[in-house]
Protein chains: 2
Amino acid sequence: MSDMSGISIAALALETGIGKDTLRIWERRYGFPQPVRDAKGERLYPPEQVAQLRDVRRLLDQGMRPGQVFSLSPDERSERACPPTPEGDDPGLLQLLRRHDEAALREELRMRLAREGIARFVTDAVSPMLVAIGNAWVRGEIEIFEEHLYSEQLQSVLHEAMGQLPAPGSAPKILLATLPGEPHGLGLLLAQAMLRLEGAACIPLGTQTPESQVLAAAEAYGADVVALSYSENFGAVPMRGTVRRMRAALPEAVALWCGGGGAGHLKRPPAGVSRIASLDALKEELLRWRTARSMQPA
Amino acid sequence: MSDMSGISIAALALETGIGKDTLRIWERRYGFPQPVRDAKGERLYPPEQVAQLRDVRRLLDQGMRPGQVFSLSPDERSERACPPTPEGDDPGLLQLLRRHDEAALREELRMRLAREGIARFVTDAVSPMLVAIGNAWVRGEIEIFEEHLYSEQLQSVLHEAMGQLPAPGSAPKILLATLPGEPHGLGLLLAQAMLRLEGAACIPLGTQTPESQVLAAAEAYGADVVALSYSENFGAVPMRGTVRRMRAALPEAVALWCGGGGAGHLKRPPAGVSRIASLDALKEELLRWRTARSMQPA
DNA sequence: CCCATCACTTTGTCTAGGACAAACAATGAA
DNA sequence: TTCATTGTTTGTCCTAGACAAAGTGATGGG
């Protein structure tokens, strides 16, 4: 009886990641979203507007500016937000996900892992799958909870596989982290798997670690490399800011690697910073580090 | 050169988990915190006030009301906030963490797990350790990055251990999730471990899953139970709101369990909602569910 | 003695519109 | 082309008032 007509501004802010202030000023400036009011005079956002806001969010993430986005009709928005890549490769996993058989999904992941080995599994199966899921989601072919389940199962399977690896070597000590504002940690885990395969010692700090803490950890653990992961959502400008600050604060001897979809915002990485374009490139970068280090040992 | 004098209200809200509105109204009502203003006229919170706010936060989490908290002097606050448990049992793990030897930490975790088994490991070692770490942190004896590393290592070890468990039974299907605004997923993992041990089929949805998505998942997977985890940071009021809404929207046949430090905000759970006070209680609740279900089968 | 009901107080979040700096786009000059 | 300089867009912060829900405490009845 309470919420047939929509959700509150606080709930909407949480769900879309758009600030309350921003939602209010969009209403004032662009006339959208235009929530109904409850008896108390408070905003209630109907589900359809919530859905439209998802498109808006997507377009903003793609780099469009609010003014342009709001001058489009809802239909135009949803059209442009959706279909960058229907692509050919829709493997069985997507269908499995939609069939809501969590046990089968897990088995399939384990099977593939066993068949292809960790490295090929990560680069050839997981990585494209994540892209496919992202696309399927914006096209509305898949639900958020399905994406979440996939991500969880994947983490579980990868942790399991890594546990069976021999004790990590010590070659470069690599600190893996995500900065505040970046909640997506799956990329870190994939990177960790690749690096452990090559015998590197990984120190995972997880997501949303403050910059000062990453620096402190780098010193405390004597890291040789600090690797940061950025998703596409991370704004280009703050991203470049973090990289600049981190590079300036880290000792010169410590390498700084930036990866993930948001690393593309580094058009030309500053000196002493490496952009990791893909998980394959990670292996190469590691090789490069090792050869460089073997030329001039301590 | 920029921020010698303090941090912005947005940063403070992020760091303390207290809403911007709340910070402003505390200033208006209680005269604390009393930030300085920069050239722009915007609030700048000095580090000492940030530290004091941590005490305030702690006291509120313990159930004290704001009015009482702010009538105390800063010294009284820090005294009451800190030392609920220096406790006798400061096991080697804390020291290990401070020694910055990630390999040894991991080995120790694995050892304990092997020695004690999953269940005892979770209830007797991990759970108190998390409390101890939390306390050490508010006392400033430990850094955030150390906490992060511990959490990551723990996740890894637990996933590993769960992977070796026999295929999950199917008794009750339990959906595990955290709602938007709650980024802490460790509790979910611990719960999952306990439940899998008892043969329940867990469907982990991870953190920050929107309410509508949890509902959709519950239907899609035919869940018998929806288990939500709340950390202490989760505000009491919104927490109760989510519980009320979820309970109303879920079919009556589906049980709703709430656990984690923030579940204490449910003084008396509404009908059809169970409060899981601890990880041990989880086992009992599962037993209760099973007996209740065996009395009246479909 | 315990529990329900009532009034009273506390408290967090919402509302409104105004203001402004930082980010972006488009211009002009070298 | 590349770099500096405008003008416009845009998110966040500001003030101050309002109100419902949660908590507190006192009353009365079993």
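Sequence lines set the chain letters: A, B, ... in the order given, protein chains first and strands last, and positions in each chain run from 1.
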Original post:
CD of E76(A): more than 12 outside heavy atoms within 6.0 angstrom?
Top reply: yes
Subject >> Nucleic acid footprint by protein, nucleotides 14-19 of chain C - heavy-atom cut-off 4.0 Å, B for base, S for sugar-phosphate alone >> reply: SBSBBB
Nearest whole angstrom, please: distance from the [atom2] of [N] to the [atom1] of [X].
X      : N       : atom1 : atom2 : value
M64(B) : dT11(C) : CE    : C1'   : 17 Å
Q68(B) : dT10(C) : CD    : P     : 11 Å
W26(B) : dT10(C) : CH2   : C1'   : 13 Å

Original post:
On DNA chain D, which is the earliest and which the latest nucleotide, 5' to 3', with an atom closer than 4.0 Å to a heavy atom of chain B?
Top reply: dC13(D) to dT24(D)
**OP:** Tell me, please, which residues at least two apart from R65(B) pass side chain to side chain donor-acceptor pair (under 3.5 Å).
**Re:** none
Original post:
Mind checking what makes side chain to side chain donor-acceptor pair (under 3.5 Å) contact with Q213(B), not counting sequence neighbours?
Top reply: E143(A)
Subject >> Listed partners of T207(A) passing side-chain contact (heavy atoms from CB on, under 4.5 Å), at least two apart >> reply: T178(A)
Original post:
Is a donor on one side and an acceptor on the other found under 3.5 Å between the side chain of R54(A) and the backbone of T16(A)?
Top reply: no
Original post:
Any donor-acceptor pair under 3.5 Å linking the side chain of S151(B) with the backbone of E147(B)?
Top reply: no
Original post:
For residues S229(A) and E182(A), is any side-chain donor paired with an opposing acceptor at under 3.5 Å?
Top reply: no
**OP:** Hey, could you give me each pair passing side chain to side chain donor-acceptor pair (under 3.5 Å) that has a residue in residues 41-51 of chain B? Not counting sequence neighbours.
**Re:** E27(B)-R43(B)
**OP:** Name the nucleic acid region contacted by Y30(B), choosing base, sugar-phosphate or nothing; use a 4.0 angstrom heavy-atom cut-off, strictly under.
**Re:** sugar-phosphate
